[in-house]
Structures are given as structure tokens and as C-alpha cells.
Amino acid sequence: MRIAVVPAIPAAAGGVLLPDRLSAGVADLFARSLSQIRGVTVSSSSAVYHAVLAAGGSGGSTPVAAGLAARRVQADLAVLVEAKADGAVLKITGTPVLPESGRGKAPAPFTSQGTRALETDLFSIQAGFIKAGLEALGLKPTPQEQARIDLVARPTVSPEAFQLYCEARQHLPIASVEAYDRAIKVLRLIVVGDGPSRPPIDPKFALAHAALAEAAALGSMQQWLVGLRDQRLMALAISSAEAAVKLHPELPDTHRALALAGALVKRISVALSAARKALEIHPGDPQSHLWLGVANGGDGAREIETALALDPSLGLGHLFLAVLAAAEGDQKRMLVECERALELSPVDASPLLLMGMMQTGEGKLDEAIATYQRVLKINRHAGLAHGALARLYFRKGQTGLAQDALRQAFALDYRVAELMREQAAAYQQAGKLEEAEKEYRLILLGDDKDTPSLRGLGMLALERGQLGEAEKLLRRALQISPKDA
């Protein structure tokens with residue numbers, strides 16, 4: 001059985017439609033509980049979110065929209081999850097809905113309701129909802145599966161930590177860099193903290209560690225698609241996933257998070273081992289097949305296709321089939337797979353960033369520019385796309401356009417400049433002085449007072465024996481930052 005779990009999305013007059021916060025968290029735990037049961041596949045949360053938006057428009061999620069979404073992601077059933085508080089009383093309702101074209105009768109709605117005399121009463125009400133849902137859907141987990149469900153249903157002892165987890169789950173299905181950043185920010189508060197004055201709220205919250213790994217790895221992947229990588233983000237993805245596995249090695253969810261992180265930050269042996277362990281615990285898990293395939297590189301197509309056969313809503317499966325097609329030089333197939341991925345998650349820029357990267361590498365600069373402009377039509381706040389456009393304009397000698405694009409990139413995402421500096425420094429250390437110089441000069445086009453880039457150019461001039469030029473650049477850097485040692 002394939003089930004689309006739909007968190008309630010309130011109607012809105014404008015802006016980004018987000019799932020209700022508590023409904024998002026409860027829906028995530030309900031979906032994870034269902035996915036512990038062999039023979040049950042839960043559709044991708046990102047594909048479900050975008051399918052519901054397409055069906056419901058500004059009206060948010062309704063049972064009708066949930067049914068239409070189930071049809072779009074090829075699920076056998078949708079379950080609309082809505083958590084409503086009336087003072088101290090909390091009521092969680094699950095409404096099963098057949099796809100629009102489905103025949104037969106959907107299971108009856110199920111609820112769990114209680115008074116939150118204490119904040120921790122939320123967890124009892126939530127566990128009751130998951131139990132009621134399993135009964136309503138006629139699912140009978142084995143003792144081992146039930147033990148895992150019990151862990152998922154009460155993942156933390158801290159109501160504050162769970163509320164932050166719910167907030168992260170509001171944003172993660174959007175699958176944009178900005179959404180990943182928001183999720184990372186709140187998840188770090190749960191398991192890492194924010195300096196000595198703000199320790200972590202619940203460092204034993206394994207699913208928060210796993211979600212942090214997911215957000216960090218997927219955000220890092222989007223950076224890689226424009227030629228940049230944040231080493232700290234990559235390290236965070238691995239360390240968070242390893243912490244999740246250490247806390248709950250019995251959950252396939254934690255091993256799957258480690259497989260995802262390992263595959264995306266190129267820790268291949270880690271990814272292979274983690275994906276196989278997840279499949280050992282829960283055979284037939286589509287996402288574990290996906291990350292096993294990604295980790296296998298050119299030999300991974302069969303695993304990725306297996307993942308898509310189990311869950312056709314996995315947009316990332318199509319993205320990585322596109323990556324494999326690009327590596328084989330099959331541009332037509334790459335474009336087809338990218339468009340399929342975009343259809344499932346329209347706000348996820350990854351397929352377009354891949355297309356732009358390949359077009360740039362082939363010297364098709366005008367096509368690449370058009371692709372990155374397409375990214376900006378989807379999300380005008382995409383700093384990475386502005387940065388990629390600046391690089392292309394710079395190569396074409398269109399310095400005015402490059403400067404405008406860079407300034408927008410730096411204003412939208414401070415890390416773009418930071419990652420470009422790190423890239424330039426890496427070129428310099430590798431002896432690729434010409435590439436390093438181009439990178440520093442590109443940064444200065446967007447910010448002519450960028451001290452690290454002036455200093456980097458000065459050191460390049462020293463390496464080349466251009467003492468006069470080096471002195472000029474370093475003096476200029478000191479004029480801007482007199483205390484720069």
C-alpha cells in the first residue's frame with residue numbers, strides 16, 4: 001500500500017503556503033510510523049506538499065485536494081492530518097481519502113483528543129492518534145515494527161524541542177535553499193545549541209539529528225550544483241547523521257539519514273553501509289534504495305529505478321538519473337529526467353542547477369544563462385542562481401550584468417561570497433593561480449572593498465614576483481581594514 005500523508009495547510013491570501021506547524025510535526029511522525037511497516041510505502045513529503053498546493057491553490061488543503069494529490073503522486077490513499085488546539089484541549093484528526101479516480105470506500109476518519117494539563121500530555125495524545133490511525137487503516141505491525149513505532153511516536157521528552165521540530169517540518173518539504181536554511185537554524189537549537197549561553201534543548205532527539213543531516217546535505221548539494229561547497233555544512237550533515245544512528249540504531253530512519261548525508265557529501269563507504277543497514281531493518285524502503293544507488297555512482301541506476309518503482313513521487317530519484325545521464329553524455333535523457341523531477345517538486349531548483357552546470361561545462365553559455373533565469377522565475381531569492389549568472393556574464397565580458405548579479409547574490413546569501421573566497425583559496429593552494437585570480441576579481445566586482453580578496457590578489461602577485469602590484473593591493477586592503485594583521 002502506498003500512502004500520501006498530507007499535513008493540513010491553512011488557506012492564505014498570499015505568500016508561501018506552509019503546513020500548520022503542529023500538523024506538520026504530527027504528520028511527519030505518523031508517516032514515519034506507517035513506514036516502519038513492511039509493505040507500506042509513504043510518498044515523498046516534498047512531492048505531496050507540492051501536489052496539494054497544485055490541487056488546492058490558495059485554498060490550502062482540503063480532503064478533495066488531498067485526494068487529487070494522492071492521484072498525482074500515484075498513492076493508493078491520502079490521509080489528511082490536522083491538529084487543532086482549543087485552549088488546553090488538543091484534537092488531532094486523520095481523514096483518509098481515496099484518489100480522485102479511486103473506487104471503493106475510504107476508511108473512516110480517526111481522532112485522538114485530550115486536555116493538555118501538562119505540556120508533555122501532547123505526546124500521549126499524539127501516540128493515541130498514531131495508534132488510532134493504524135487501527136483505522138487495518139494495519140497490524142509485527143512486535144519489532146511496533147517497537148520502532150513506539151520510539152517514533154515519542155521521539156523527545158521536551159515539548160519545546162518538538163515544537164521546533166514541527167517548525168523544521170513545515171519548511172523541509174519546500175526543498176529550496178532558503179527552506180533548508182530555516183530548518184537548519186531551528187534544528188541546531190534542538191541538538192547543537194547556539195553558543196555557551198544557549199545549550200541544546202534535547203541532544204538525544206534522534207529524529208532531529210536525522211532531519212538536520214537531511215537539511216544540511218541537501219543544501220550542500222545545491223551549492224555543489226553551482227560549483228561551490230561549504231565544508232562546514234558537509235561536516236554537519238555527517239556528524240548529525242552519525243549522532244542519530246548512535247542514539248537509535250534500531251530505526252531505519254537514522255541509517256537512511258546517514259546514507260543520504262554520505263552519498264551527497266561523497267563519503268561513499270559510509271553511505272553504502274548505512275543504506276544496506278536501513279534495508280536490512282526495513283526491506284523495500286524506497287529512499288534507502290535511492291541513496292544506495294546514488295552512492296554506487298555509475299552503477300547505481302538499477303537501485304534508483306527500484307526506488308522509483310516503489311515510490312514514483314521521489315523527485316530526487318529523477319534528479320540522480322539525470323546526473324547519471326549527464327555523466328554518460330546523454331543530454332536528451334538528462335533533460336527529460338530533470339523535467340520529471342521539477343514536475344514533482346517545482347520549487348526545488350536542483351534539476352535546473354544541474355542543467356545550468358552541464359550547459360556551462362559544454363560552453364553553452366547563453367543556454368545556461370536562460371536556465372538560471374528560469375531558476376529566478378521560480379525563486380527570485382535564490383542567491384546561488386544569481387551567483388552562477390554573475391560567473392557566466394563575467395566570462396562573456398558583460399561586467400555590468402555580472403556586477404548587478406553578484407550584488408544581488410551577496411545581498412541574498414552572504415555565504416555566496418564566503419564560498420567563492422574559499423574556492424579562490426583552494427585554487428591558490430593547488431597552484432592554479434589564473435583560476436584563483438579570476439575568482440578574486442569576480443568577488444571584487446560585486447564588492448570592491450572585500451579585504452580577503454584584495455589580500456588574496458596581493459599574495460598571488462607576490463608568488464608571481466610582482467612586488468609593486470602586491471604592495472598596491474595589500475596597502476589598499478589595509479586602508480579598508482587597518483587592523484588586518
Side-chain angles (χ1 to χ4, degrees), residues 177-178 180-181 184-185 188 194-195 216 219-237 265-266 353 357 360 372 381-485:
V177 170
E178 296 78 17
Y180 294 138
D181 284 346
I184 289 168
K185 183 178 179 180
R188 283 180 64 93
D194 187 17
S220 174
M221 179 189 73
Q222 293 205 1
Q223 293 174 350
W224 166 70
L225 289 170
V226 293
L228 301 170
R229 289 311 286 262
D230 185 339
Q231 297 296 324
R232 289 155 297 190
L233 202 57
M234 294 166 67
L236 177 64
V265 306
K266 307 301 180 186
L353 294 176
M357 180 175 72
T360 301
Y372 290 123
H381 299 296
L384 290 174
H386 282 291
L389 275 173
R391 197 179 300 278
L392 290 167
Y393 289 137
F394 190 66
R395 282 180 62 177
K396 286 170 66 71
Q398 297 172 315
T399 54
L401 291 173
Q403 186 176 57
D404 289 343
L406 270 176
R407 287 175 175 170
Q408 290 186 70
F410 294 170
L412 289 166
D413 189 344
Y414 72 92
R415 291 170 308 174
V416 173
E418 194 173 279
L419 294 172
M420 289 174 71
R421 290 187 207 105
E422 290 176 3
Q423 182 67 66
Y427 282 142
Q428 194 168 352
Q429 289 173 4
K432 299 179 179 179
L433 304 189
E434 186 176 340
E435 288 88 342
E437 181 179 357
K438 287 179 182 177
E439 200 74 11
Y440 284 132
R441 293 200 182 281
L442 182 57
I443 298 167
L444 288 167
L445 189 63
D447 179 5
D448 61 2
K449 294 182 179 179
D450 188 74
T451 306
S453 295
L454 289 167
R455 188 172 60 240
L457 282 174
M459 299 307 294
L460 278 175
L462 276 178
E463 287 188 57
R464 290 166 166 168
Q466 300 167 345
L467 301 186
E469 179 68 10
E471 181 180 2
K472 177 184 172 183
L473 288 162
L474 293 172
R475 284 191 182 279
R476 186 177 166 201
L478 283 170
Q479 286 174 353
I480 297 166
S481 300
K483 295 182 181 180
D484 188 339

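These numbers come from the heavy atoms of this one structure, side chains and all, not from hydrogens, waters or symmetry mates. Predicted model only: the values in this text are computed from it and were never measured.
Between Val416 and Phe410 the shortest heavy-atom distance is CG1-CE2, 4.1 Å. Across all non-hydrogen atoms, the minimal contact from Thr451 to Ser481 is OG1-OG, 2.9 Å. The heavy-atom pair separating His386 from Ala409 by the smallest distance is CB-CB, 3.7 Å. Across all their heavy atoms, Ala424 and Ala436 have their closest contact at O-CB, 3.5 Å. Of all heavy-atom pairs between Tyr440 and Ser453, the closest is CD2-CA, 3.6 Å.
We find the CG-CZ distance between Leu460 and Arg441 to be 9.0 Å, quoted to the nearest 0.5 Å. Of the inter-residue distances, the one linking Leu473 atom CG with Leu478 atom CG reads 11.5 Å to the nearest 0.5 angstrom. Interatomic distance, Leu454 CG to Met459 CE, rounded to the nearest 0.5 Å: 13.5 Å. Note that the OH atom of Tyr393 and the OG1 atom of Thr399 stand 12.5 Å from one another [nearest 0.5 Å].
Contact check for Asp448 versus Gln403: no side-chain heavy atoms found under the 4.5 Å cut-off. Side chains of Met234 and Trp224 form no contact here, defined as non-hydrogen atoms less than 4.5 Å apart. Side-chain atoms of Arg455 and Leu474, non-hydrogen and from C-beta on, do get closer than 4.5 Å to each other. A 4.5 Å side-chain heavy-atom check between Leu462 and Leu467 finds at least one atom pair inside the cut-off. At a threshold of 4.5 Å between non-hydrogen side-chain atoms, the residues Gln423 and Leu442 do not count as touching.
Contacts of Asp181 classified as side-chain hydrogen bond (donor to acceptor under 3.5 Å, both in side chains), with partners at least two apart in sequence or in another chain: Arg415. Considering only residues two or more places apart in sequence or on other chains, Ala216 meets the side-chain contact (heavy atoms from CB on, under 4.5 Å) condition with Ile184, Leu233, Leu236, Ala237. Under the side-chain contact (heavy atoms from CB on, under 4.5 Å) criterion, Leu392 pairs with Thr360, Leu365, Ala368, Ile369, Tyr372, not counting sequence neighbours. Listed by chain and residue number, Gln428 satisfy the side-chain hydrogen bond (donor to acceptor under 3.5 Å, both in side chains) test with Glu463 (two or more places apart in sequence, or in another chain). Listed by chain and residue number, Glu471 satisfy the salt bridge (charged side-chain N to carboxylate O under 4.0 Å, His left out) test with Arg475 (two or more places apart in sequence, or in another chain). The salt bridge (charged side-chain N to carboxylate O under 4.0 Å, His left out) search around Arg464 returns Glu437, not counting sequence neighbours. For the side-chain hydrogen bond (donor to acceptor under 3.5 Å, both in side chains) test, no residue two or more places apart in sequence or in another chain qualifies with Gln479. For Lys185, there are no salt bridge (charged side-chain N to carboxylate O under 4.0 Å, His left out) partners, not counting sequence neighbours. When the side-chain contact (heavy atoms from CB on, under 4.5 Å) test is applied to Lys432, the partners found at least two apart in sequence or on another chain are Tyr427, Ala430, Glu435. Listed by chain and residue number, Arg232 satisfy the side-chain hydrogen bond (donor to acceptor under 3.5 Å, both in side chains) test with Glu422 (two or more places apart in sequence, or in another chain). Take Asp450 and apply the salt bridge (charged side-chain N to carboxylate O under 4.0 Å, His left out) test, not counting sequence neighbours, and it matches Arg421.
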Report task. For side-chain contact (heavy atoms from CB on, under 4.5 Å), just list the numbers for Leu406 and Met420, CA-CA rounded to whole Å, side-chain angles, deciding distance to a tenth of an Å, and then say yes or no. Result -> CA-CA 11 Å; Leu406 270 176; Met420 289 174 71; 4.1 Å; yes

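The salt bridge (Lys or Arg N to Asp or Glu O under 4.0 Å) contacts involving residues 387-410 comprise Asp366-Lys396, Arg391-Glu439, where partners must be two or more places apart or lie in separate chains.
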